[in-house]
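A note on names: the letters A, B, ... follow the listed sequences, proteins ahead of strands, and every chain is numbered from 1.
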2 protein chains.
Amino acid sequence: MGHSRDEKTRSHERIVAAATGLMMEGGTEAPSVADIMSSAGLTHGGFYKHFASRDELVAAAVASAMDASNEATREALEGAGDPLAAFVEWYASPAHRDDLRSGCAVAALGTDAGRGDPGLQELFQDQVERYAGLLERLLGEPGAPADRRAALAALSTLVGALYVSRAVGDEAFSAEILASARESVLSRRS
Amino acid sequence: MGHSRDEKTRSHERIVAAATGLMMEGGTEAPSVADIMSSAGLTHGGFYKHFASRDELVAAAVASAMDASNEATREALEGAGDPLAAFVEWYASPAHRDDLRSGCAVAALGTDAGRGDPGLQELFQDQVERYAGLLERLLGEPGAPADRRAALAALSTLVGALYVSRAVGDEAFSAEILASARESVLSRRS
DNA sequence: ATTATCTATAGATCTATAGATAATGC
DNA sequence: ATTATCTATAGATCTATAGATAATGC
């Protein structure tokens, strides 16, 4: 039974990390407070010394999922000779489709955001703008003017392909959906 | 208190219709059996004379949502001089974004399918194939060979745009996402 | 006689709180 | 003295069932 402030901070971080993983997989409503605390190695009664309510944890977990998405994007781009190809091949890959926990939070939790409170929708909007800005830079030639409309359409293609690929049962069909999105976005370089 | 066989059939249909509407809005897990029965004008105790379990109703409601999606598609195409434009302008419209109940079941319930049992995923796969076949026909020139890859990418663009447009809070940004998807798909005619 | 629907409830589960325990930190 | 965590539980809600009621249909 740890009690120091350091240990409380570590517990807090474990709770958020556990919630983020479980919610990326099952949605923000799926895991109970007891599930989350158990996944963090704690009992459920202690939860309310860390958060005023379950909803407060949802907000923290979604924000943490956005951070993880940005980190995954950074890793995908790191050292790539062709950053657009690197991003697209990471995003619309079978590996990303099968790895909900550390993948894109927009694709995993968008439905929850649409149903959720305006605070969640703001977090989503920021993340969508971030992806759109990245695609604007990656799609355009260094000299050419940025094409926001093309970047938004490419983002819809990638998010939609990941989303649909996760909803269909057949692996081959699912892989073809991802491949078609990769081809389509890569063919739209200006 | 109605008891005839005809009346039971009508009750059954009202239960499925109520479940379909509530699940399109909140996901397959959101409405309780009592919510659904109340929305159908019945009390919850009678439910199990119609379905063996709540899961059995989920399957019926998702199938019914697919039927409604097909009917909405048919209506959007009816009498259109430019069927591709008619489909795209219906699908990626603010009106469709704001009307979850009678809209595309793939965009509304895809996340649930990804988490759900293989039976649901088969229903989704069939519906995705149906949309892809339609887009193959609409995108190609009458003489040209069908381009399945292009059709799948266009479908991802449309589904993704509707999905993302529902997750962001700002109406103007949401509308721009839809407009970019319409433009992008319409510019890809062969 | 059968059965569609109703009221009532059993048993499970969920959020949040209360009070005990054991460590930290003034 | 304070507090992070634990055990226990109150109150709400959910799925599913039991038994009563009132209509259908042989």
Below the 4.0 Å mark, does [N] have OP1 or OP2 next to a side-chain nitrogen or oxygen of [X]?
X	N	value
A/Y48	C/dA16	yes
A/H50	D/dT5	yes
A/S53	C/dT15	no

Task: Base partner of D/dA16, which must satisfy Watson-Crick or wobble distances under 3.5 Å - done: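 Matched D/dA16 with C/dT9 under the 3.5 Å cut-off.
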Task: Pairing nucleotide - D/dA23, Watson-Crick or G-U, each distance under 3.5 Å - done: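 Result: C/dT2.
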Check the distance between [N]'s [atom2] and [X]'s [atom1] and give it to me in whole angstrom.
X	N	atom1	atom2	answer
B/R5	D/dG25	CZ	P	6 Å
A/I36	C/dA16	CD1	C1'	14 Å
B/L22	D/dC14	CG	P	12 Å
B/L42	C/dA4	CG	C1'	9 Å
A/R14	D/dA4	CZ	P	14 Å
B/F47	D/dT17	CZ	P	11 Å
B/E56	D/dT15	CD	C1'	14 Å
A/R54	C/dT13	CZ	C1'	13 Å

TODO: By nearest nucleotide on DNA chain D, pick out whichever of A/K49 and A/H44 is the more 5' one.
DONE: A/K49
TODO: Measure from the side-chain heavy atoms of B/K8 and tell me the nearest of C/dT5, D/dT5, C/dC14.
DONE: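 The answer is C/dT5, which lies nearest to the side chain.
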Open item on the list: Heavy-atom nearest nucleotide on DNA chain C for A/G46 versus A/D35: which residue maps closer to 5'?
Closed with: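 The residue whose closest nucleotide sits nearer the 5' end is A/D35.
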TODO: Select base, sugar-phosphate, or nothing to describe what B/T43 touches, counting heavy atoms under 4.0 Å on all strands.
DONE: base
Open item on the list: Quick check for you: to the nearest 0.5 Å, what is the distance between B/I15 atom CD1 and B/I36 atom CD1?
Closed with: 9.0 Å
